[in-house]
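These notes are about the structure you will find just below.
Everything quoted here is computed from the prediction, not taken from an experiment. Hydrogens, waters and symmetry mates are skipped; everything else that's a heavy atom, side chains included, is used.
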Amino acid sequence: MNIQQNNNDLIEEFIFQLRKADNTKKSYQRDLEILNRYLSKVDIRLDQLTQPTVQRFIEGLENGLIKNTKDQRYSASSINRIFAAIRVFCDYTNQRECIKEIQINKPAPISQQAPKSIEIEDVETIRLKVANSRKASAQRDISIVDMLYLTGIRVSELVELKRSDIIYDKHNKVYLVHVNKSKANKVRVIPIQKDKYNSIKRYLDSRNDDVDYVFISQRQQQLTTRSIQLLLKEYDITPHQLRHTFCTRLARTSNDLSMIANLAGHSITVAQRYTVPTDKQKAEAIANAFTLD
């Protein structure tokens, strides 16, 4: 058995015994496979790590010698996430000495990071591409994009959304989206203006099934978070980006952090990050403030 296969088996055994959510398991597995590819080049087993080996791996990530599948450098937050997976693995394999005193750059606190959102004009371009695709699911897909963009709900909340969770308020002319299955198990209500709800309404009106889920597959089954992630990947966006865009637009038009936190299902601390200006916003602010004749 070669080193890489032996390491794969070790990773599989480690993942199998983990008592964590499936998404966490998949994340740990992906991160450990990055380490495995690095170690396999020099025939090092995952159960025979040393502190210098782990340190060199972290340095390789930080200086860009080890890149992701898109040939891009890993961010500080991604590197810390990868190291977190290594720590848990080393605890499982009784290799705690090899993770002691590892030098690693810490990412800025989440409240000081400007989230990755999408500019308004780019959102419209994406909507146009989705709407004009030749896929049979085009009508559903554009309504998925609109729901994520107009409500900022998590993809895990989106797949659990049911028709009965959406109620039309005739008095205020808004559709009220009730998020009943949230990350923190807190029910919240997000309004969508009637004129913005058009694509979602057209999609729901076009269906002749009795499935209560708002978004379903071609086989009339509940969608998975992964299927939606793959769908949006075709247009180079993620559900998280649309969520960030929702929150960022709210922050740009309102300084009410409690409202942003309430609508997004965030804490006030996390909501603060949406008030952090991006580099583009900083450049625009300086350009507007200083002019040369």
Task: Heavy-atom side-chain proximity of I34 to F57 below 4.5 angstrom - done: yes
Task: Side-chain (S217) to main-chain (Q221) donor-acceptor, under 3.5 angstrom - done: yes
Open item on the list: So, taking the atom named OG1 in T50 and the one named CD1 in I99, what distance separates them when rounded to the nearest 0.5 Å?
Closed with: 13.0 Å
Task: Side chain proximity check, Y28 to L18, heavy atoms < 4.5 angstrom - done: yes
Task: Spacing of CG belonging to N105 relative to CG belonging to L61, to within rounding of 0.5 Å - done: 11.0 Å
Open item on the list: Tell me whether K129 forms a cation-pi arrangement with Y235, defined as NZ or CZ under 6.0 Å from the six-membered ring centre and within 45 degrees of its axis.
Closed with: no
TODO: Just say parallel, tilted or perpendicular for the rings of Y197 and Y175, cut-offs at 30° and 60°.
DONE: parallel
- [ ] Over all heavy atoms of both residues, which pair between T253 and R249 is shortest? Give the atoms and the distance, please.
- [x] OG1-O, 3.1 Å
Task: R81 side-chain N/O to D31 backbone N/O, donor-acceptor pair under 3.5 Å - done: no
TODO: Flag yes if more than 12 heavy atoms outside E101 fall under 6.0 Å of its CD atom; otherwise flag no.
DONE: no
TODO: Find out if a path of hydrophobic residues (ILVMFWY) with successive side-chain heavy-atom gaps under 4.5 Å connects L176 to L148.
DONE: no
Open item on the list: If we check side-chain contact (heavy atoms from CB on, under 4.5 Å) with L46, which of these qualifies: N6, T93, N7?
Closed with: N7
Task: Note, I166 side chain near M147 side chain (heavy atom, < 4.5 Å) - done: yes
Task: Short N-O contact, E33 and R30, less than 4.0 angstrom - done: no
TODO: Hey, could you give me the OG/CD1 distance between S199 and I142, rounded to the nearest 0.5 Å?
DONE: 6.0 Å
Task: Expected output: side-chain N80 to main-chain A76 donor-acceptor under 3.5 Å - done: yes
Open item on the list: Using every non-hydrogen atom in the two residues, find where A138 and S133 come nearest and quote the distance to one decimal.
Closed with: CB-OG, 3.5 Å
TODO: Using modelled atom types only, decide if a donor and an acceptor are shared between the side chain of Q51 and the backbone of K100 within a distance under 3.5 Å.
DONE: yes
Open item on the list: Would a single hydrophobic cluster contain both L223 and V211, if residues Ile, Leu, Val, Met, Phe, Trp and Tyr are joined by side-chain heavy-atom contacts under 4.5 Å?
Closed with: yes
Task: Hydrophobic cluster membership, L35 vs V42, 4.5 Å side-chain cutoff - done: yes
Task: Which atom of F83 lies closest to which atom of I104, heavy atoms considered - done: CB-CD1, 3.8 Å
- [ ] Kindly compute the distance separating CG (N68) from CD1 (I82), expressed to the nearest 0.5 Å.
- [x] 9.0 Å
Open item on the list: Any non-hydrogen side-chain atom of T53 less than 4.5 Å from a side-chain atom of C98?
Closed with: no
Open item on the list: For R163 and D209: C-alpha separation, side-chain torsions, deciding distance, then whether salt bridge (Lys or Arg N to Asp or Glu O under 4.0 Å) applies.
Closed with: CA-CA 12 Å; R163 296 196 201 202; D209 58 83; 3.3 Å; yes
- [ ] May I ask you to test the V177-V189 pair for a side-chain heavy-atom distance under 4.5 Å?
- [x] no
Open item on the list: Within the 4.5 Å heavy-atom criterion, are H240 and V155 side-chain neighbours or not?
Closed with: no
- [ ] Output yes when a side-chain donor or acceptor of Q95 lies under 3.5 Å from a complementary backbone atom of L49, and no otherwise.
- [x] yes
TODO: With side-chain contact (heavy atoms from CB on, under 4.5 Å) as the test, would you mind laying out the steps for Q229 and T238 before giving the verdict?
DONE: CA-CA 6 Å; Q229 289 167 345; T238 67; over 6 Å; no
Open item on the list: For the backbone of L204 and the side chain of R140, can you confirm whether one donor and one acceptor N or O come within less than 3.5 Å of each other?
Closed with: no
TODO: Applying side-chain contact (heavy atoms from CB on, under 4.5 Å), run through V123 and R127 and close with a yes or a no.
DONE: CA-CA 6 Å; V123 171; R127 292 183 76 251; 4.2 Å; yes
- [ ] Could you state whether V174 and I190 fall into the same hydrophobic cluster, counting links through intermediate Ile, Leu, Val, Met, Phe, Trp or Tyr residues with side-chain heavy atoms under 4.5 angstrom apart?
- [x] no
Task: Check against salt bridge (Lys or Arg N to Asp or Glu O under 4.0 Å), E157 and R188 - done: CA-CA 11 Å; E157 297 167 342; R188 64 186 194 277; 2.8 Å; yes
Task: Distance (rounded to the nearest 0.5 Å) between E13 CD and N8 CG - done: 11.0 Å
Open item on the list: Would the distance check show the side chain of N262 and the main-chain N or O of S258 forming a donor-acceptor pair, the cut-off being under 3.5 Å?
Closed with: no
- [ ] Decide whether Q29 and E12 meet the rule of one side-chain donor and one side-chain acceptor closer than 3.5 Å.
- [x] yes
Task: Criterion side-chain hydrogen bond (donor to acceptor under 3.5 Å, both in side chains) on S227 and T224, from CA distance to verdict - done: CA-CA 5 Å; S227 65; T224 64; 3.3 Å; yes
Open item on the list: Within a 6.0 Å radius of atom CG on D210, are there more than 12 heavy atoms belonging to other residues, nucleotides or ligands?
Closed with: no
Task: Carboxylate-amine/guanidinium contact R96 D91, below 4.0 Å - done: yes
- [ ] Answer whether the closest heavy-atom distance between the side chains of S137 and L231 falls below 4.5 Å.
- [x] no
TODO: Mark yes or no for whether R73, through its side chain, and E62, through its backbone, hold a donor-acceptor pair below 3.5 Å.
DONE: yes
Open item on the list: Run the salt bridge (Lys or Arg N to Asp or Glu O under 4.0 Å) test on E234 and K135 for me, step by step, so that the C-alpha distance in whole Å, both residues' side-chain angles and the decisive distance to 0.1 Å come before the verdict.
Closed with: CA-CA 12 Å; E234 295 179 29; K135 294 170 64 177; 3.4 Å; yes
Task: S78 side-chain N/O to Y74 backbone N/O, donor-acceptor pair under 3.5 Å - done: no
TODO: Determine, step by step, whether R56 and E59 satisfy the salt bridge (Lys or Arg N to Asp or Glu O under 4.0 Å) criterion, reporting the C-alpha distance in whole Å, the side-chain angles of both residues, the deciding distance to 0.1 Å, and the verdict.
DONE: CA-CA 5 Å; R56 291 198 64 178; E59 290 171 357; 5.5 Å; no
TODO: Please report the closest heavy-atom contact between S206 and Q139, naming both atoms and the distance.
DONE: OG-OE1, 3.1 Å
Open item on the list: Side chains of D169 and P191, heavy atoms from C-beta outward: is any pair under 4.5 Å?
Closed with: no
Open item on the list: Whether the T24 and S27 side chains hold a donor-acceptor pair (N or O, under 3.5 Å, no angle test) is what I'd like checked.
Closed with: no
TODO: Report yes or no: do Y92 and I11 belong to one cluster of Ile/Leu/Val/Met/Phe/Trp/Tyr joined by side chain heavy-atom distances under 4.5 Å?
DONE: yes
TODO: Spell out, as yes or no, whether a donor-acceptor pair under 3.5 Å connects the side chain of Q55 to the backbone of Q103.
DONE: yes
- [ ] List the atom of F215, the atom of L158, and the distance in Å for their closest heavy-atom pair.
- [x] CE1-CD1, 3.5 Å
TODO: Any chance you could measure I15, atom CD1, to L32, atom CG, to the nearest 0.5 Å?
DONE: 6.0 Å
Task: Heavy-atom closest contact (L250 atom, M259 atom, distance) - done: CD2-CE, 4.4 Å
- [ ] Can you establish whether the number of heavy atoms outside K196 located under 6.0 Å from its atom NZ is more than 12?
- [x] no
